[in-house]
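Have a look at the structure below, then the notes.
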2 protein chains.
Amino acid sequence: MTTEKKKMSRLTKALLETAEDLHAGGLLKENTYKKITKRHLGEEEKPDLAPLSGEDIRTIREQAHMSQSVFADYLNVTVGYVSKLERGAKRPSGAALVLLNVIRRKGIEAIL
Amino acid sequence: MTTEKKKMSRLTKALLETAEDLHAGGLLKENTYKKITKRHLGEEEKPDLAPLSGEDIRTIREQAHMSQSVFADYLNVTVGYVSKLERGAKRPSGAALVLLNVIRRKGIEAIL
DNA sequence: ACATACTATAGTACATTGGACCATAGTAAT
DNA sequence: ATTACTATGGTCCAATGTACTATAGTATGT
């Protein structure tokens, strides 16, 4: 484990602050936070995702102490696909990349 | 919020118990849990994922108080795709479905 | 009021992901 | 030993998800 310096991006922080600001004061009802849009967040960069090599992915799975098959079930993908990911034969896209990043940062319990 | 009856599937519980069992006793070093495989978990069903209709997905996004665009950024997908999901023109697959389920169960902070 | 910038929808065409399916070799359990 | 699992390797191909464009509606700022 590296020092893991609380990698909450400016965007994330801005998001949470925006949510709190909108909620603060009695102007908004508990249940009707205003919607957070691009305007609120300004020109911040998108949430930063590590690209994740095959090795990275294997490491993530091993940290979860799972076989490819069990890991695949939790990701809702096939064993063959996990195998391909770890060998670099395929690259995770969109939501899969987010999910893997979450597991790396917060552990497998984050998705249980 | 519905009563949310601690929906930890048998599989999840088995997983965590297995991990603890393997760790218990001085037989295994702190860092060398044995790998959890299908054998350990027996013939349990896979983690149960709700199928998520377009309406569901819209609700999830609205609970996060985000515009489609901001939500899309966090899912690492395009705005157009989120729009299609909510309209039912496309259905989320594999990891995307897991991610949406996680957000629904644990809130958007679960992936920040 | 006007101009500007964002949200949301909608559609098409297309690239790629990720699954289905097969087979093989190695390892662990009985 | 035999059985069952893990992991790899490959091909084929449907479906996902992207890129692009356009429209209408809404919010912001001047």
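Below, read A as the first sequence line, B as the second, and so on, with proteins coming before strands; counting in each chain starts at 1.
- The distance from atom CD of A:Glu86 to atom P of D:dG9 is 11 Å, rounded to the nearest whole Å.
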Sugar-phosphate or base contact per nucleotide [nucleotides 25-30 of chain C; S, B, -; heavy atom under 4.0 Å]: ---BS-
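- Every residue two or more places apart in sequence or in another chain that forms a side chain to side chain contact (heavy atoms under 4.5 Å, CB included) with A:Ala50 is listed here: A:Leu52, A:Asn101, A:Arg104.
- In this structure, A:Lys84 does not reach the D:dT11 phosphate: none of its side-chain N or O atoms is under 4.0 Å from OP1 or OP2.
- An OP1 or OP2 oxygen of D:dC5 is reached within less than 4.0 angstrom by no side-chain nitrogen or oxygen of B:Thr37.
- Note on A:Gln68: every side-chain N or O is 4.0 Å or more away from OP1 and OP2 of D:dC5.
- In this model, a donor atom of one side chain and an acceptor atom of the other lie less than 3.5 Å apart for A:Asp56 and A:Ser53.
- Between A:Lys35 and D:dT26, a side-chain N or O to OP1/OP2 separation shorter than 4.0 Å is absent.
- Nucleic acid contact for A:Ser93: sugar-phosphate only, since backbone atoms but no base atoms lie under 4.0 Å from a heavy atom of the residue.
- At whole-Å resolution of the value, CG in A:Leu97 and C1' in C:dT16 are 15 Å apart.
- Among the protein residues, B:Arg87 comes within range of the nucleic acid bases, having at least one heavy atom under 4.0 Å from a base atom.
- Taking only side-chain atoms of B:Ser67, from C-beta outward, the nucleotide of D:dT8, C:dC6, C:dA8 with the closest atom is C:dA8.
- Set against C:dT7, C:dG19, D:dT16, the side chain of B:Lys90 has D:dT16 as its closest nucleotide.
- In terms of phosphate contacts, B:Arg61 brings no side-chain nitrogen or oxygen within less than 4.0 Å of OP1 or OP2 of C:dT7.
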